[in-house]
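Beneath this line is the structure, given in C-alpha coordinates, with notes to follow.
Proteins come first, then strands; the chains are lettered A, B, ... in the order of their sequence lines, and each starts at number 1. What you see below is based on every heavy atom in this structure, not just the backbone, and it leaves out hydrogens, waters and symmetry mates.
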Protein chains: 2
Amino acid sequence: MAQPATNVALSHCAHDHEACITDALARADTVCRQQGLRLTAIRRRVLELIWANHQPTKAYDLLAQINAKRGNAAPPTVYRALDFLLEAGLIHKIESQNAFIGCAVDHERNQPKFFICRECGRAAEIQSSQIDDVIASEAQEAGFVVDHQTIEVDGLCAACAGAESTNS
Amino acid sequence: MAQPATNVALSHCAHDHEACITDALARADTVCRQQGLRLTAIRRRVLELIWANHQPTKAYDLLAQINAKRGNAAPPTVYRALDFLLEAGLIHKIESQNAFIGCAVDHERNQPKFFICRECGRAAEIQSSQIDDVIASEAQEAGFVVDHQTIEVDGLCAACAGAESTNS
DNA sequence: CTAATAGCGTTATCATATAACATCAAGGAG
DNA sequence: CTCCTTGATGTTATATGATAACGCTATTAG
(Lines give C-alpha, C1' and ligand atoms only; values in the text may rest on other atoms or scores of the structure.)
Protein backbone atom coordinates (compact mmCIF):
# COMPACT_ATOMS: atom_id res chain seq x y z
CA MET A 1 0.00 0.00 0.00
CA ALA A 2 2.16 2.75 -1.32
CA GLN A 3 -0.42 5.49 -1.71
CA PRO A 4 -3.41 4.11 0.16
CA ALA A 5 -5.06 7.27 1.32
CA THR A 6 -5.90 8.92 -1.94
CA ASN A 7 -9.04 6.89 -2.24
CA VAL A 8 -10.03 7.54 1.31
CA ALA A 9 -9.72 11.23 0.68
CA LEU A 10 -11.71 11.13 -2.49
CA SER A 11 -14.41 8.99 -0.95
CA HIS A 12 -15.25 12.00 1.12
CA CYS A 13 -15.08 15.07 -0.97
CA ALA A 14 -13.98 15.25 -4.54
CA HIS A 15 -11.47 18.04 -4.19
CA ASP A 16 -8.53 18.39 -6.50
CA HIS A 17 -6.15 16.36 -4.47
CA GLU A 18 -3.22 16.80 -6.83
CA ALA A 19 -3.56 20.55 -6.60
CA CYS A 20 -3.75 20.40 -2.86
CA ILE A 21 -0.43 18.57 -2.76
CA THR A 22 1.33 20.85 -5.21
CA ASP A 23 -0.01 23.92 -3.46
CA ALA A 24 1.32 22.68 -0.16
CA LEU A 25 4.73 22.03 -1.66
CA ALA A 26 4.78 25.42 -3.31
CA ARG A 27 3.96 27.07 -0.02
CA ALA A 28 6.69 25.06 1.67
CA ASP A 29 9.18 26.23 -0.95
CA THR A 30 8.22 29.81 -0.29
CA VAL A 31 8.36 29.53 3.47
CA CYS A 32 11.75 27.88 3.39
CA ARG A 33 13.19 30.36 0.93
CA GLN A 34 11.98 33.24 3.06
CA GLN A 35 13.46 31.80 6.22
CA GLY A 36 16.68 30.52 4.78
CA LEU A 37 15.76 26.90 5.39
CA ARG A 38 16.79 24.14 3.04
CA LEU A 39 13.90 22.05 1.80
CA THR A 40 16.08 19.19 0.57
CA ALA A 41 14.93 16.33 -1.62
CA ILE A 42 14.17 13.99 1.27
CA ARG A 43 12.37 16.62 3.29
CA ARG A 44 10.33 17.58 0.28
CA ARG A 45 9.54 13.97 -0.46
CA VAL A 46 8.37 13.32 3.11
CA LEU A 47 6.20 16.41 3.04
CA GLU A 48 4.75 15.33 -0.29
CA LEU A 49 3.92 11.88 1.04
CA ILE A 50 2.25 13.35 4.11
CA TRP A 51 0.05 15.53 1.96
CA ALA A 52 -0.63 12.70 -0.46
CA ASN A 53 -1.82 10.49 2.36
CA HIS A 54 -4.15 13.22 3.45
CA GLN A 55 -4.46 11.69 6.88
CA PRO A 56 -2.26 11.63 9.92
CA THR A 57 0.57 9.39 8.81
CA LYS A 58 2.98 7.35 10.91
CA ALA A 59 6.71 7.68 10.60
CA TYR A 60 7.21 4.04 9.67
CA ASP A 61 4.50 4.21 7.04
CA LEU A 62 6.32 7.13 5.48
CA LEU A 63 9.49 5.09 5.65
CA ALA A 64 7.79 2.22 3.84
CA GLN A 65 6.43 4.55 1.20
CA ILE A 66 9.85 6.04 0.65
CA ASN A 67 11.38 2.61 0.29
CA ALA A 68 8.58 1.24 -1.87
CA LYS A 69 10.03 2.50 -5.14
CA ARG A 70 13.71 2.06 -4.47
CA GLY A 71 16.27 2.21 -1.75
CA ASN A 72 16.06 1.34 1.88
CA ALA A 73 16.18 4.39 4.03
CA ALA A 74 16.48 3.91 7.79
CA PRO A 75 14.28 5.41 10.51
CA PRO A 76 16.57 8.39 11.27
CA THR A 77 16.16 9.58 7.70
CA VAL A 78 12.44 9.98 8.17
CA TYR A 79 12.58 11.26 11.72
CA ARG A 80 15.11 13.90 10.78
CA ALA A 81 12.93 15.08 7.95
CA LEU A 82 9.93 15.12 10.28
CA ASP A 83 11.86 17.11 12.88
CA PHE A 84 12.78 19.66 10.26
CA LEU A 85 9.23 19.95 8.98
CA LEU A 86 7.84 20.28 12.50
CA GLU A 87 10.39 22.93 13.33
CA ALA A 88 9.53 24.81 10.15
CA GLY A 89 5.84 24.62 11.02
CA LEU A 90 5.05 22.75 7.82
CA ILE A 91 3.57 19.76 9.61
CA HIS A 92 2.11 18.98 13.03
CA LYS A 93 2.30 15.88 15.16
CA ILE A 94 -0.95 14.28 16.26
CA GLU A 95 0.17 13.18 19.70
CA SER A 96 -2.71 10.84 20.35
CA GLN A 97 -1.76 8.82 17.28
CA ASN A 98 1.99 9.28 16.98
CA ALA A 99 1.29 10.51 13.49
CA PHE A 100 2.03 13.54 11.36
CA ILE A 101 -0.11 15.77 9.19
CA GLY A 102 0.50 18.69 6.87
CA CYS A 103 -0.23 22.22 7.98
CA ALA A 104 -1.90 24.73 5.70
CA VAL A 105 -2.61 27.26 8.40
CA ASP A 106 -0.99 30.46 9.52
CA HIS A 107 -0.09 30.16 13.19
CA GLU A 108 0.73 33.78 13.89
CA ARG A 109 -2.21 34.01 16.22
CA ASN A 110 -3.54 30.48 16.56
CA GLN A 111 -2.11 27.34 17.97
CA PRO A 112 -2.83 24.14 16.10
CA LYS A 113 -5.99 22.20 16.98
CA PHE A 114 -7.66 19.27 15.32
CA PHE A 115 -10.95 17.50 14.90
CA ILE A 116 -10.10 13.88 14.23
CA CYS A 117 -12.69 11.48 12.84
CA ARG A 118 -12.53 7.96 14.21
CA GLU A 119 -14.39 6.67 11.18
CA CYS A 120 -12.55 8.08 8.18
CA GLY A 121 -9.38 8.83 10.08
CA ARG A 122 -9.06 12.33 8.76
CA ALA A 123 -7.86 15.21 10.87
CA ALA A 124 -9.17 18.69 10.16
CA GLU A 125 -7.15 21.58 11.47
CA ILE A 126 -9.43 24.25 12.87
CA GLN A 127 -8.50 27.89 12.92
CA SER A 128 -10.80 29.60 15.35
CA SER A 129 -9.00 31.65 17.95
CA GLN A 130 -11.82 31.31 20.47
CA ILE A 131 -10.29 28.23 22.00
CA ASP A 132 -6.92 29.92 22.24
CA ASP A 133 -8.52 32.91 23.88
CA VAL A 134 -10.22 30.82 26.53
CA ILE A 135 -7.08 28.87 27.23
CA ALA A 136 -5.09 32.08 27.43
CA SER A 137 -7.47 33.54 29.97
CA GLU A 138 -7.56 30.35 32.02
CA ALA A 139 -3.80 30.25 31.98
CA GLN A 140 -3.47 33.87 32.97
CA GLU A 141 -5.79 33.27 35.88
CA ALA A 142 -3.58 30.39 37.02
CA GLY A 143 -0.37 32.31 36.44
CA PHE A 144 0.62 29.74 33.88
CA VAL A 145 2.82 30.85 30.99
CA VAL A 146 1.71 29.05 27.85
CA ASP A 147 4.31 27.74 25.53
CA HIS A 148 2.63 25.18 23.33
CA GLN A 149 -0.75 23.49 23.10
CA THR A 150 -1.89 20.04 22.14
CA ILE A 151 -5.58 20.08 21.26
CA GLU A 152 -7.00 17.00 19.64
CA VAL A 153 -10.73 16.39 19.58
CA ASP A 154 -11.76 12.89 18.59
CA GLY A 155 -15.17 11.97 17.29
CA LEU A 156 -17.16 11.74 14.09
CA CYS A 157 -16.90 14.23 11.27
CA ALA A 158 -20.07 15.58 9.71
CA ALA A 159 -19.83 13.28 6.71
CA CYS A 160 -19.29 10.12 8.74
CA ALA A 161 -21.90 11.06 11.33
CA GLY A 162 -24.37 11.54 8.48
CA ALA A 163 -23.49 8.22 6.91
CA GLU A 164 -23.90 6.45 10.21
CA SER A 165 -27.34 7.84 10.96
CA THR A 166 -28.41 6.95 7.42
CA ASN A 167 -27.40 3.33 7.99
CA SER A 168 -29.26 2.92 11.23
CA MET B 1 15.23 5.98 41.81
CA ALA B 2 12.36 4.20 43.43
CA GLN B 3 10.38 7.15 44.72
CA PRO B 4 12.02 10.13 43.05
CA ALA B 5 9.16 12.51 42.76
CA THR B 6 8.26 13.10 46.37
CA ASN B 7 11.00 15.65 46.72
CA VAL B 8 10.08 17.39 43.54
CA ALA B 9 6.55 17.71 44.76
CA LEU B 10 7.58 19.03 48.12
CA SER B 11 9.98 21.48 46.62
CA HIS B 12 6.97 23.24 45.29
CA CYS B 13 4.27 23.29 47.83
CA ALA B 14 4.38 21.66 51.20
CA HIS B 15 1.10 19.84 51.01
CA ASP B 16 0.45 16.67 52.91
CA HIS B 17 1.58 14.32 50.25
CA GLU B 18 0.84 11.16 52.21
CA ALA B 19 -2.73 12.29 52.73
CA CYS B 20 -3.10 13.10 49.08
CA ILE B 21 -2.10 9.55 48.21
CA THR B 22 -4.31 7.86 50.76
CA ASP B 23 -7.23 10.08 49.79
CA ALA B 24 -6.84 9.11 46.19
CA LEU B 25 -6.76 5.44 47.05
CA ALA B 26 -9.79 5.78 49.27
CA ARG B 27 -11.67 7.48 46.47
CA ALA B 28 -10.61 4.75 44.10
CA ASP B 29 -11.90 2.12 46.50
CA THR B 30 -15.23 3.87 46.66
CA VAL B 31 -15.55 4.35 42.92
CA CYS B 32 -14.72 0.74 42.22
CA ARG B 33 -17.05 -0.60 44.87
CA GLN B 34 -19.87 1.52 43.50
CA GLN B 35 -19.30 0.38 39.96
CA GLY B 36 -18.58 -3.24 40.66
CA LEU B 37 -14.98 -2.96 39.52
CA ARG B 38 -12.19 -4.90 41.16
CA LEU B 39 -9.33 -2.77 42.40
CA THR B 40 -6.90 -5.65 42.78
CA ALA B 41 -3.57 -5.50 44.54
CA ILE B 42 -1.58 -4.74 41.42
CA ARG B 43 -4.00 -2.13 40.18
CA ARG B 44 -4.02 -0.50 43.57
CA ARG B 45 -0.24 -0.57 43.71
CA VAL B 46 0.09 1.05 40.30
CA LEU B 47 -2.38 3.73 41.23
CA GLU B 48 -0.52 4.32 44.48
CA LEU B 49 2.79 4.69 42.66
CA ILE B 50 1.30 7.11 40.18
CA TRP B 51 0.01 9.30 42.97
CA ALA B 52 3.25 8.97 44.91
CA ASN B 53 5.22 10.17 41.92
CA HIS B 54 2.95 13.15 41.70
CA GLN B 55 3.97 13.75 38.13
CA PRO B 56 3.09 12.16 34.85
CA THR B 57 4.79 8.78 35.12
CA LYS B 58 5.88 6.43 32.36
CA ALA B 59 4.76 2.82 32.21
CA TYR B 60 8.28 1.45 32.37
CA ASP B 61 9.13 3.64 35.35
CA LEU B 62 6.15 2.19 37.14
CA LEU B 63 7.37 -1.24 36.18
CA ALA B 64 10.80 -0.49 37.63
CA GLN B 65 9.25 0.83 40.83
CA ILE B 66 7.12 -2.27 41.17
CA ASN B 67 10.13 -4.49 40.66
CA ALA B 68 12.40 -2.45 42.92
CA LYS B 69 11.37 -4.19 46.12
CA ARG B 70 10.84 -7.69 44.88
CA GLY B 71 9.70 -9.66 41.90
CA ASN B 72 10.09 -8.98 38.23
CA ALA B 73 6.80 -8.10 36.67
CA ALA B 74 6.64 -7.83 32.90
CA PRO B 75 5.25 -4.94 30.83
CA PRO B 76 1.76 -6.43 30.32
CA THR B 77 1.26 -6.42 34.07
CA VAL B 78 1.63 -2.67 34.19
CA TYR B 79 -0.17 -1.94 30.95
CA ARG B 80 -3.15 -4.02 32.00
CA ALA B 81 -3.36 -2.16 35.28
CA LEU B 82 -3.06 1.15 33.43
CA ASP B 83 -5.81 0.14 31.00
CA PHE B 84 -8.08 -0.70 33.88
CA LEU B 85 -7.37 2.57 35.68
CA LEU B 86 -7.88 4.58 32.49
CA GLU B 87 -11.14 2.79 31.85
CA ALA B 88 -12.28 3.46 35.38
CA GLY B 89 -11.39 7.13 35.02
CA LEU B 90 -8.93 6.94 37.90
CA ILE B 91 -5.99 8.09 35.81
CA HIS B 92 -5.42 9.94 32.55
CA LYS B 93 -2.81 9.52 29.88
CA ILE B 94 -0.71 12.53 28.98
CA GLU B 95 -0.40 11.85 25.28
CA SER B 96 2.41 14.26 24.62
CA GLN B 97 4.58 12.42 27.12
CA ASN B 98 3.34 8.83 26.95
CA ALA B 99 2.83 9.13 30.68
CA PHE B 100 0.06 8.64 33.19
CA ILE B 101 -1.27 10.77 36.01
CA GLY B 102 -3.86 10.37 38.72
CA CYS B 103 -7.27 11.95 38.37
CA ALA B 104 -9.00 13.65 41.28
CA VAL B 105 -11.67 15.30 39.22
CA ASP B 106 -15.26 14.56 38.46
CA HIS B 107 -15.73 14.30 34.71
CA GLU B 108 -19.48 14.33 34.57
CA ARG B 109 -19.41 17.62 32.77
CA ASN B 110 -15.77 18.28 31.97
CA GLN B 111 -13.28 16.52 29.82
CA PRO B 112 -9.75 16.26 31.18
CA LYS B 113 -7.30 19.08 30.44
CA PHE B 114 -3.86 19.82 31.75
CA PHE B 115 -1.37 22.56 32.31
CA ILE B 116 2.04 20.91 32.18
CA CYS B 117 5.12 22.69 33.46
CA ARG B 118 8.28 22.09 31.47
CA GLU B 119 10.39 23.10 34.46
CA CYS B 120 9.06 21.06 37.37
CA GLY B 121 7.35 18.49 35.19
CA ARG B 122 4.09 18.62 37.08
CA ALA B 123 0.75 18.42 35.35
CA ALA B 124 -2.20 20.24 36.86
CA GLU B 125 -5.63 19.11 35.84
CA ILE B 126 -7.92 22.06 35.29
CA GLN B 127 -11.62 21.88 35.78
CA SER B 128 -13.12 24.87 34.04
CA SER B 129 -15.88 24.00 31.63
CA GLN B 130 -15.29 27.12 29.53
CA ILE B 131 -12.90 25.31 27.26
CA ASP B 132 -15.31 22.42 26.84
CA ASP B 133 -18.09 24.86 26.02
CA VAL B 134 -16.09 26.58 23.33
CA ILE B 135 -15.01 23.30 21.81
CA ALA B 136 -18.57 22.05 21.91
CA SER B 137 -19.82 25.12 20.06
CA GLU B 138 -17.02 24.94 17.50
CA ALA B 139 -17.77 21.28 16.97
CA GLN B 140 -21.47 21.87 16.59
CA GLU B 141 -20.80 24.51 14.01
CA ALA B 142 -18.69 22.04 12.05
CA GLY B 143 -21.17 19.21 12.48
CA PHE B 144 -18.54 17.28 14.37
CA VAL B 145 -19.68 14.84 17.05
CA VAL B 146 -17.24 14.99 19.96
CA ASP B 147 -16.22 11.80 21.60
CA HIS B 148 -13.06 12.50 23.51
CA GLN B 149 -10.64 15.39 23.94
CA THR B 150 -6.92 15.64 24.41
CA ILE B 151 -5.99 19.03 25.81
CA GLU B 152 -2.46 19.51 27.04
CA VAL B 153 -1.03 22.98 27.52
CA ASP B 154 2.71 23.11 28.00
CA GLY B 155 4.55 25.99 29.59
CA LEU B 156 5.70 27.29 32.95
CA CYS B 157 3.65 27.01 36.10
CA ALA B 158 3.30 30.05 38.32
CA ALA B 159 5.91 28.84 40.79
CA CYS B 160 8.52 28.06 38.15
CA ALA B 161 7.82 31.23 36.18
CA GLY B 162 8.33 33.20 39.40
CA ALA B 163 11.56 31.41 40.18
CA GLU B 164 12.86 32.06 36.70
CA SER B 165 12.17 35.78 36.70
CA THR B 166 13.81 36.01 40.14
CA ASN B 167 16.99 34.48 38.77
CA SER B 168 17.30 36.77 35.80
C1' DC C 1 -18.40 -27.87 44.93
C1' DT C 2 -17.78 -26.74 40.41
C1' DA C 3 -17.83 -24.41 36.23
C1' DA C 4 -17.21 -20.05 34.13
C1' DT C 5 -14.66 -16.13 33.86
C1' DA C 6 -11.68 -12.30 35.02
C1' DG C 7 -7.11 -11.47 36.33
C1' DC C 8 -2.37 -12.44 36.05
C1' DG C 9 2.39 -14.55 34.65
C1' DT C 10 5.38 -15.34 30.91
C1' DT C 11 7.47 -15.21 26.49
C1' DA C 12 7.95 -13.20 22.40
C1' DT C 13 7.40 -9.61 19.38
C1' DC C 14 5.83 -5.39 17.32
C1' DA C 15 5.94 -0.27 17.11
C1' DT C 16 8.02 4.19 17.97
C1' DA C 17 12.13 6.89 18.40
C1' DT C 18 17.00 8.18 19.03
C1' DA C 19 22.27 7.82 19.87
C1' DA C 20 26.50 7.72 17.76
C1' DC C 21 29.54 7.91 14.27
C1' DA C 22 30.87 7.75 9.30
C1' DT C 23 30.28 9.98 4.91
C1' DC C 24 28.90 13.38 1.72
C1' DA C 25 27.68 17.82 -0.32
C1' DA C 26 27.28 22.93 -0.47
C1' DG C 27 29.19 27.22 -0.02
C1' DG C 28 32.62 30.69 1.83
C1' DA C 29 37.72 32.08 2.67
C1' DG C 30 41.97 32.16 0.94
C1' DC D 1 40.23 26.35 -7.70
C1' DT D 2 41.12 24.22 -3.31
C1' DC D 3 40.57 23.79 1.34
C1' DC D 4 37.72 23.90 5.12
C1' DT D 5 33.69 24.41 7.72
C1' DT D 6 29.20 23.12 8.39
C1' DG D 7 24.84 21.07 7.74
C1' DA D 8 22.65 16.98 5.74
C1' DT D 9 22.44 12.18 5.10
C1' DG D 10 23.76 7.12 5.53
C1' DT D 11 24.28 3.30 8.65
C1' DT D 12 24.29 0.45 12.63
C1' DA D 13 22.76 -0.37 16.90
C1' DT D 14 19.80 0.28 20.59
C1' DA D 15 16.54 2.59 23.64
C1' DT D 16 11.72 3.16 24.73
C1' DG D 17 6.68 2.25 24.44
C1' DA D 18 3.06 -1.22 23.78
C1' DT D 19 0.68 -5.59 22.68
C1' DA D 20 -0.27 -10.61 21.07
C1' DA D 21 -0.88 -15.07 22.56
C1' DC D 22 -1.21 -18.67 25.62
C1' DG D 23 -1.62 -21.07 29.96
C1' DC D 24 -2.35 -20.89 34.96
C1' DT D 25 -4.78 -19.08 39.09
C1' DA D 26 -8.17 -17.18 41.83
C1' DT D 27 -12.84 -15.34 42.41
C1' DT D 28 -17.40 -15.84 42.37
C1' DA D 29 -22.04 -17.11 40.70
C1' DG D 30 -24.90 -20.95 40.57
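Counting to the nearest Å, the C1' atom of dT19(D) and the CG atom of Leu63(B) are 14 Å from each other. Taking atom CG of Asp61(A) as the reference point, atom C1' of dC14(C) lies 13 Å away to the nearest angstrom. Across the protein-nucleic acid pair, Leu85(B) atom CG and dC8(C) atom P stand 10 Å apart, rounded to whole Å. Residue Ile42(B) contributes atom CD1, which lies 9 Å from atom C1' of dG9(C) at whole-angstrom precision. One interatomic measurement links the two molecules: CD of Glu87(A) to P of dG7(D), which rounds to 14 Å at whole-angstrom precision. The CD1-C1' distance, from Ile94(A) to dT16(C), rounds to 16 Å in whole Å. Following rounding to the nearest Å, Tyr60(A) (OH) and dG17(D) (C1') show an atom-to-atom distance of 12 Å. A straight line from NZ of Lys58(B) to C1' of dG17(D) spans 8 Å, rounded to a whole angstrom.
Projected onto DNA chain C by closest heavy-atom contact, Arg43(B) and Ala99(A) fall at different nucleotides, the more 5' of which corresponds to Arg43(B). Mapped onto DNA chain D by nearest heavy atom, Arg38(B) and Gln97(B) fall at different nucleotides, with Gln97(B) at the one closer to the 5' end.
Test Ile94(A), Thr57(A), Leu86(A) against Phe100(A) for side-chain contact (heavy atoms from CB on, under 4.5 Å) and you get one pass: Leu86(A).
Distances shown here put a side-chain N or O of Asn98(B) below 4.0 Å from the OP1 or OP2 atom of dA18(D). Note on Lys93(A): every side-chain N or O is 4.0 Å or more away from OP1 and OP2 of dT16(C).
In this structure, the side chain to side chain donor-acceptor pair (under 3.5 Å) partners of Ser128(A), at least two apart in sequence or on a different chain, are Glu138(B).
In terms of modelled atom types and a separation under 3.5 Å, the side chain of His148(A) and the main chain of Gly155(B) share no donor-acceptor contact.
Residue pairs meeting the side chain to side chain donor-acceptor pair (under 3.5 Å) criterion with at least one partner in residues 90-109 of chain B, sequence neighbours excluded, are His92(B)-His107(B), His92(B)-Glu125(B), Ser96(B)-Glu152(B), His107(B)-Glu125(B).
The side chain of Thr40(A) lies closest to dT9(D), out of dT9(D), dA26(C), dG7(C).
Rounded to the nearest 0.5 angstrom, Leu37(B) CG and Leu90(B) CG are separated by 8.0 Å. Distance CD1/Ile42(A) to CZ/Phe84(A): 12.0 Å, rounded to 0.5 Å.
The aromatic rings of Phe144(B) and Phe115(A) sit parallel, their planes meeting at an angle under 30°, below the 60° perpendicular limit.
Contacts with DNA chain D (heavy atom under 4.0 Å) in residues 71-83 of chain A: Ala74(A), Pro76(A), Thr77(A), Arg80(A), listed by number.
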